[in-house]
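The structure appears below as structure tokens.
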Amino acid sequence: MQTKKFSYAKWGYIFSIPFVVAFLIFSLYPIIYTAVIGFTDLKGLGMTDIHFLTDDPFRNFKTVLSNPSFQTAFQNTVVMWVLNFIPQLGLALLLAAWFTDKRSYVKGQGFFKVVFYMPNIITAATVAILFKALFDYPMSPMNDLVISLGLADKPIQFLISKNVARAIVIFIQFWMWYGYTMVVLTSGILGISPEIFEAAVVDGANRWQTFWYVTIPNIKTILLFTFITSLIGGLNMFDIPKLFLLGGPDNATMTTSVFIYNQAFSGSYLYNRAAAASMIMFVIIVFLSSILFYLLRDKDEAQMKKASRRRAKAEKVAVKGGK
Amino acid sequence: MSKRLMAMVLCLCMIACLFAGCGSSESDTAAPAQPEDNVINLWAFTDEVPKMIEKYLADHPDFGYEVKTTIIATTDGAYQPALDQALAAGGADAPDIYCAEAAFVLKYAQGDASQYAAAYEDLGIDVAAKIEEADIAQYTVDIGTNPDGKVVALGYQATGGAFIYRRSIAKDVWGTDDPAVIKEKVGGGSGSWDQFFVAAEELKAKGYGIISGDGDLWHAVENSSDSGWIVDGKLNIDPKREEFLDLSMKLKENGYHNDTQDWQDAWFADMKGVGEKPIFGFFGPAWLINYTLAPNCGGSAVGEGTYGDWAICESPIGFFWGGTWILANKDTDKAEAVGDIIEWITLDSSDTGLQYGWANGNLYGDGGTKDCVGSGTVMAKSDGTVEFLGGQNMFDVFVPANAFANGKNLTQYDETINTYWRDQVRQYTSGQKTRDQALADFKQQVADNLDVIVE
Amino acid sequence: MSEKRSDQGMKICIYVVCVFLTILSLFPFWIMFMNATRSTTEIQQHAISFVPSTYLLSNLKILLGKSFDPMVGFMNSLTIAAGSTVLSAYFSTLTAYALVVYEWRLKKPFFSFIMAVMMIPAQVTMIGFYQMVYRIGMTNNLSMLILPAIASPSIVFFMRQYMYPALSMEIIQSARIDGAGEFRIFNTIALPIMKPAIATQAIFSFVSSWNNLFTPLVLLTDQEKYTLPIMVSLLRGDIYKTEYGSVYLGLSMTVLPLIVVYLLLSKYIIAGVALGSVKG
């Protein structure tokens, strides 16, 4: 077995060639560029003579880390990610479980699955404009509602409050992405061999037990994907915070990506500081992802093997049955 | 095995061909531009200038150049990055003529990107004489002058601002809608806001607000300051700009306005007179009347909505708001042709120049919108009578307004710094924080995000 | 009996939640379609309305009266989105296959490398990319927006995660015994098994490519190469005079093809071409 696998090793390399070639052509230069200019004095437009900071190579990194706005931005980013990701994952899991439950078919689930993903196909700019209009002051549908319900006697300036602004960004993120997460998880659940579920039914497992002991362990690999991509996406959150309130009010919705963008484009063209901040975020994300990988690793690998074995068994059964 | 290899090789070939294809198609598009060399690249952020140049080409069939237009909207923030890359990359596709808006023209005329701008005199334009002859508004010249004292950018519009008010409300409160009287009532030309707030109190007594929101006041305040946000690389809060905190608070505490934000629903509603309380007026240049007030007034003829119920008088403090400047690339190899177009747009004060048609609204045929132009000479011989303003000749007010506008207190950071400033002012007036805290936070934001020394 | 009742209760609960979420999901589309029929001033004064107005035709006229042709934009958008989707789906599955099926020495480092690439924040990296494209004179070349999709780390990651439990080595072994080549096995056995995963990622990839505004905006400056979102952004022009009605009409027209593509591909997600299909 071992020797046989070895002989196929070259195909591993061959099949990776397209990815590597495309990466070398399109991404290598931009990435090296970003990594390098963090150590230089590059700022301003059309600068051609760039100097490395020889006296203190990490000056830009220190400047960024001690920058109060960066610290605020980092806190905001973490808070807004965690608070939108937990309910998002919960709801997505729930919906995915409902829609893949073979025992009770939800009528119209095809329709629901399609519809729930739809907030994701509208551009972020449109979403931002709509929500801004919804909560505007002094005239907006939300203010009309609040006043007609008698909750307030004069218009409320919703978006001046830091917490309200943050809550709305969290809601938008949640609302735009739970459908996506649901689709990902659903596809993961549908990848599980039906025989496993059938076996669970035979064993007399109820719905909750099936979900917890069969579905969840079998989509662990996909869950890891969801965690990691959401972590990356969450810590790089940009569109909505930037387009909705420009990171305001009073920096309440400024994320690290908005901070990086502001460093690079809002007047001073501090490309070096922006690049340093990018690299700092990169290190943080790598660190956190490694933890996630580590936490889910052993079980993950074991799970993969087990699933593979289980599947193989099921396959044999299926092949026999088919014949 | 060989079959498999073949498949792989074929696959790679396909990719390679794709690249080769790109390469060759690129040289195809680049090729005609170089030998013939009769293409002028124009970069703009709306179709306003491209349309003007189309008109120029139509009027000058023997011009001999064709114009290739690139339009990128400013609203999504991509115009500047794309323009910067195109200017830096150079070559045959580099812009020959490019436009810049008031919010960022400083960067291209005096700031980081001024290195790319050609002096008008190098395009064969006799700038000094032409400016004098056309009587170009001084603030537009100041903005378009690079650090070496050469003019590199000029506009066609003039965007000096006035106070635009409702005639019916003026009659109700002061018994007359005569601009000369109202000017006295609101302290027009007085250089201070004292009289303006006296008027606000009188209006309030009758149930009116004087302006829609503090944003209306901001442009006037911003422009009235003696110094800009940055002086010698340091953040500088001019006392007159700092006073905006207090003015804004005064408006809010006394209920002198509807507390709207510019460009939001409630602000537009006040133009139609359907806001919380009727609003007396707005601060703005001619384009605000043309593009914003008129379409939002709820009608298109006298008697409908607030159409025709408006008049303009001098603002307490002179200011300008917006405008488009035209620049040329110093590396252009068609300097003369580029110069001809630019001169026609920015400095030609004859009856066949662009500005005459622009001021009289007959550039593309009769009945167009009349607008203020950079040339005082042109406006002096044009008719600025507008039905929307109840038949008032708007040039009577706007020509002096252009002279009052100040183009010397701007920096390339204004767009960003103004955003931070207005945000903190709102925090203060809405009671979220104290005046000192707002100032401190403002300074912190500027220090954190810009390469500016803050003390 | 009691189980049946609890079943019923759960069903009601499911439907209440689903209907509520449906309303939340459809609301922005409704507003968008309504605004496409309203005039600019109507929208400026009340950005949100649940009832249509009568300006659909005049908005359409403004849209068609611009110097660009929406059909050209549609074709460009389609070329970019379809091209990058096909490339990213196919080559990412291929790369994932290399990571799952074969044992090779650099496999683990290669996977870590792909993960690292995925984690690099985009804002600054884009500056380098723009610079590169402008330097080598490849602006206005649609391939610059299509070919990079061959290396899509997050899709590779997803495919790998999906493939691990879904693809059994036994099938591959038996195919090898039947004498099929590796490339053939991938195309005829692995790809069909991966259909739900490919459909899922294809939708995401198509949507994000179709909606991508900023990169095309910077890289495509020739009118003939404009995509639909660029045209919509041009309608917004500058804040001083925006034709909101036609902007919303343009947005509505941009979103319709997406809905069609989604409906087409969602069939795979909904039905699930799970492993069961292999046994037939």
Side-chain angles (χ1 to χ4, degrees), chain B residues 1 3-5 7-8 11 15 18-19 21-23 25-27 29-30 41 43 45-48 50-51 68-79 81-82 84-86 88-89 91-93 101 263-269 271-272 274 287-288 290-292 295-298 322 324, chain C residues 39-41 43-48 66-68 83 87 91 94 126-127 130-131 133-144 146-147 150 180-184 187 213-226 229-242 247:
Chain B
M1 188 66 182
K3 240 185 199 170
R4 274 173 250 140
L5 266 178
M8 266 329 284
C11 197
I15 299 172
L18 269 169
F19 278 108
C22 309
S25 73
E26 166 56 27
S27 56
T29 53
N41 289 311
W43 283 52
F45 46 86
T46 61
D47 57 5
E48 204 166 83
K51 270 195 177 151
K68 199 176 135 212
T69 304
T70 296
I71 308 175
I72 302 177
T74 53
T75 28
D76 295 294
Y79 179 68
D84 295 345
Q85 295 290 354
D93 287 335
E101 213 255 338
W263 309 107
Q264 302 295 337
D265 295 13
W267 190 62
F268 291 113
M271 298 178 181
K272 203 177 172 184
V274 295
W287 62 256
L288 190 81
N290 294 333
Y291 299 147
T292 316
N296 280 291
C297 71
T324 303
Chain C
S39 74
T40 297
T41 42
I43 295 168
Q44 280 182 339
Q45 287 165 6
H46 295 280
I48 287 173
K66 290 281 171 178
S67 51
F68 47 79
L87 289 184
F91 285 106
L94 188 72
M126 288 317 283
I127 303 174
Y130 300 149
Q131 235 184 34
V133 175
Y134 269 89
R135 288 246 172 93
I136 59 176
M138 295 288 265
T139 48
N140 290 322
N141 205 312
L142 297 189
S143 59
M144 282 293 121
I146 299 174
L147 293 178
I150 293 174
E182 294 301 307
F183 202 62
R184 208 184 127 89
N187 282 330
L213 169 65
F214 200 81
T215 317
L217 208 45
V218 175
L219 295 186
L220 305 176
T221 57
D222 180 355
Q223 296 231 356
E224 290 299 302
K225 299 287 163 63
Y226 281 173
I230 296 184
M231 292 180 175
V232 175
S233 129
L234 275 182
L235 285 174
R236 286 172 61 196
D238 56 345
I239 55 168
Y240 303 130
K241 47 168 183 179
T242 299
V247 167

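The sequence lines fix the lettering, A, B, ..., with proteins before strands; numbering per chain opens at 1.
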Contact winner vs chain C - B:Cys297, B:Pro50, B:Ala86, B:Pro81, heavy-atom pairs under 4.5 Å =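 The candidate making the most pairs under 4.5 Å is B:Ala86.
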
key: Pick from B:Val274, B:Asp265, B:Asn290, B:Ile72 with the largest number of heavy-atom pairs that fall under 4.5 Å of chain C   =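 Result: the option with the highest number of such pairs is B:Asp265.
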
query = Under 3.5 Å, is there a donor-acceptor pair linking the side chains of C:Thr221 and C:Asn140?
reply =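 Their side chains do contain a donor-acceptor pair, which is all the 3.5 Å distance test asks for.
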
message = Less than 4.5 Å to any heavy atom of chain B: does that hold for the side chain of C:Leu213, its backbone, both, or neither?
response =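 Looking at C:Leu213, just its side chain touches chain B.
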
task = Check whether B:Trp43 gets within reach of chain C through its side chain, its backbone, both or neither, counting any heavy atom under 4.5 Å.
result =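 Interface part for B:Trp43: side chain.
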
key: Side chain, backbone, both or neither of B:Ala89 within contact of chain C (heavy atoms, under 4.5 Å)   =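 Just its side chain gets close to chain C.
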
request  = Report yes or no: does B:Asn41 contribute a side-chain atom to a donor-acceptor pair with the main-chain N or O of B:Ala92 at less than 3.5 Å?
outcome  =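 Side chain of B:Asn41 to backbone of B:Ala92: a pair is present.
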
ask   = Between C:Leu147 and C:Leu87, does a side chain to side chain contact (heavy atoms under 4.5 Å, CB included) hold up when you go through it step by step?
value = CA-CA 7 Å; C:Leu147 293 178; C:Leu87 289 184; 3.8 Å; yes

query = Does B:Lys68 NZ have over 12 foreign heavy atoms under 6.0 Å away?
reply =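 Counting neighbours around NZ of B:Lys68, more than 12 heavy atoms of other residues, nucleotides or ligands fall under 6.0 Å, so yes.
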
inquiry  = Using side-chain heavy atoms (C-beta onward) and a distance below 4.5 Å, is C:Tyr130 in contact with B:Asp84?
reply    =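 A side-chain contact is absent here, since even the closest heavy-atom pair is not under 4.5 Å.
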
